[in-house]
Amino acid sequence: MNDFTKQVIELIRAIPEKHVMTYGQIARLAGKEKGARGVSWILHSMSRSYQLPWHRVVNQQGKISHQGSEQRELLEMEGIEFSVRGKLDLKEYQYHPKEEDASGDS
DNA sequence: GTCTTGACTAGCG
DNA sequence: ACGCTAGCCAAGA
């Protein structure tokens with residue numbers, strides 16, 4: 001597993017409730033500005049092996065990408081409200097972790 | 001080693 | 001704001 005993948009997993013796992021992160025943001029913090037596609041694949045592959053809050057990961061538009069899953073329901077369950085168009089306020093829910101602690105585990 | 005899949009993002013009209 | 005195209009990255013077959 002590359003550091004990128006490991007970083008992504010740690011970042012997603014660090015997302016608290018009532019907060020979300022975008023693929024691009026995670027990818028950038030993991031070291032890949034354009035690694036959003038890689039992040040999506042990691043969620044797709046790792047979410048079944050690791051218990052990651054993948055539902056807290058949304059696209060840059062603040063909308064649910066993997067429509068058809070319970071992601072929307074899970075987010076609403078945490079208290080996140082969606083607009084009529086199925087979008088949420090990134091400027092309110094987007095999480096901003098410390099880049100320096102991306103790989104640092106307690 | 002090459003092609004395909006996947007839950008993306010930025011740019012342009 | 002919406003739809004389409006091009007670019008990017010990782011893992012599996």
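Order of the sequence lines sets the chain letters (A, B, ...), proteins ahead of strands, with each chain counted from 1.
Rounding to whole angstrom units, CD of residue A:Gln25 and P of B:dA10 are separated by 12 Å. Taking atom NE2 of A:His44 as the reference point, atom C1' of C:dA11 lies 11 Å away to the nearest angstrom. The distance from atom CH2 of A:Trp54 to atom C1' of B:dG6 is 14 Å, rounded to the nearest whole Å. Look at CD on A:Gln67: it is 16 Å from P on B:dG6, rounded to the nearest Å. Atom P of nucleotide C:dA1 and atom CG of A:Asn59 are separated by 14 Å, given to the nearest angstrom. With rounding to whole Å, A:Lys63 atom NZ is found 10 Å from C:dA1 atom P. Between the P atom of C:dC9 and the NZ atom of A:Lys32 lies a distance of 6 Å, rounded to the nearest Å. Atom CD of A:Glu33 and atom C1' of B:dC8 are 12 Å apart (whole Å).
Relative to the side chain of A:Trp41, the nucleotides C:dA1, B:dT9, B:dG6 differ in distance, and B:dG6 lies closest. Of the listed nucleotides (C:dA10, B:dA7, B:dA10), B:dA10 has the atom at the smallest distance from the side chain of A:Gln60. Residue A:Ser47 places its side chain closer to B:dA7 than to any other of C:dA1, B:dA7, B:dC8.
Annotation: B:dG6 and C:dC8 have their C1' atoms spaced 13 Å apart (nearest Å). Taking the P atoms as reference points, C:dG7 lies 22 Å from B:dA7, given to the whole Å.
Contact annotation: side chain of A:Arg37 to base of B:dC8, donor-acceptor pair present below 3.5 Å.
As judged by a 4.0 angstrom heavy-atom cut-off over every strand, A:Leu43 is placed among the base-contacting residues.
The distance from the NE2 atom of A:His66 to the OG atom of A:Ser47 is 9.0 Å, given to the nearest 0.5 Å.
Judged by distance alone, the side chain of A:Asn59 and the main-chain N or O of A:Gly62 form a donor-acceptor pair under 3.5 Å.
Close to C:dA11, at under 4.0 Å from its OP1 or OP2, lies a side-chain N or O of A:Thr5. Checking the phosphate oxygens (OP1, OP2) of C:dC9, no side-chain nitrogen or oxygen of A:Asn2 falls inside 4.0 Å. Contact check, A:Ser40 against B:dC8: no side-chain N or O comes under 4.0 Å of OP1 or OP2.
Residues A:Val58 and A:Gly38 both approach DNA chain B. Their nearest nucleotides, taken by heavy-atom distance, put A:Gly38 toward the 5′ side. Comparing A:Val57 and A:Arg28 against DNA chain B, the residue whose closest nucleotide sits nearer the 5' end is A:Val57. Positionally, the nearest nucleotide of DNA chain C for A:Lys34 lies more toward the 5' end than for the other of A:Ser45 and A:Lys34.
Under a cutoff of 6.0 Å and an axis angle of 45°, A:Arg72 and A:Phe82 form a cation-pi pair.
For the pair A:Glu78 and A:Lys18, the salt-bridge criterion is not met [side-chain N within less than 4.0 Å of a carboxylate O].
The number of heavy atoms from other shown groups lying within 6.0 Å of CD (A:Glu70) does not exceed 12. By the 6.0 Å contact criterion, CD on A:Gln51 is open, its count of non-hydrogen atoms from other residues, nucleotides or ligands being 12 or less.
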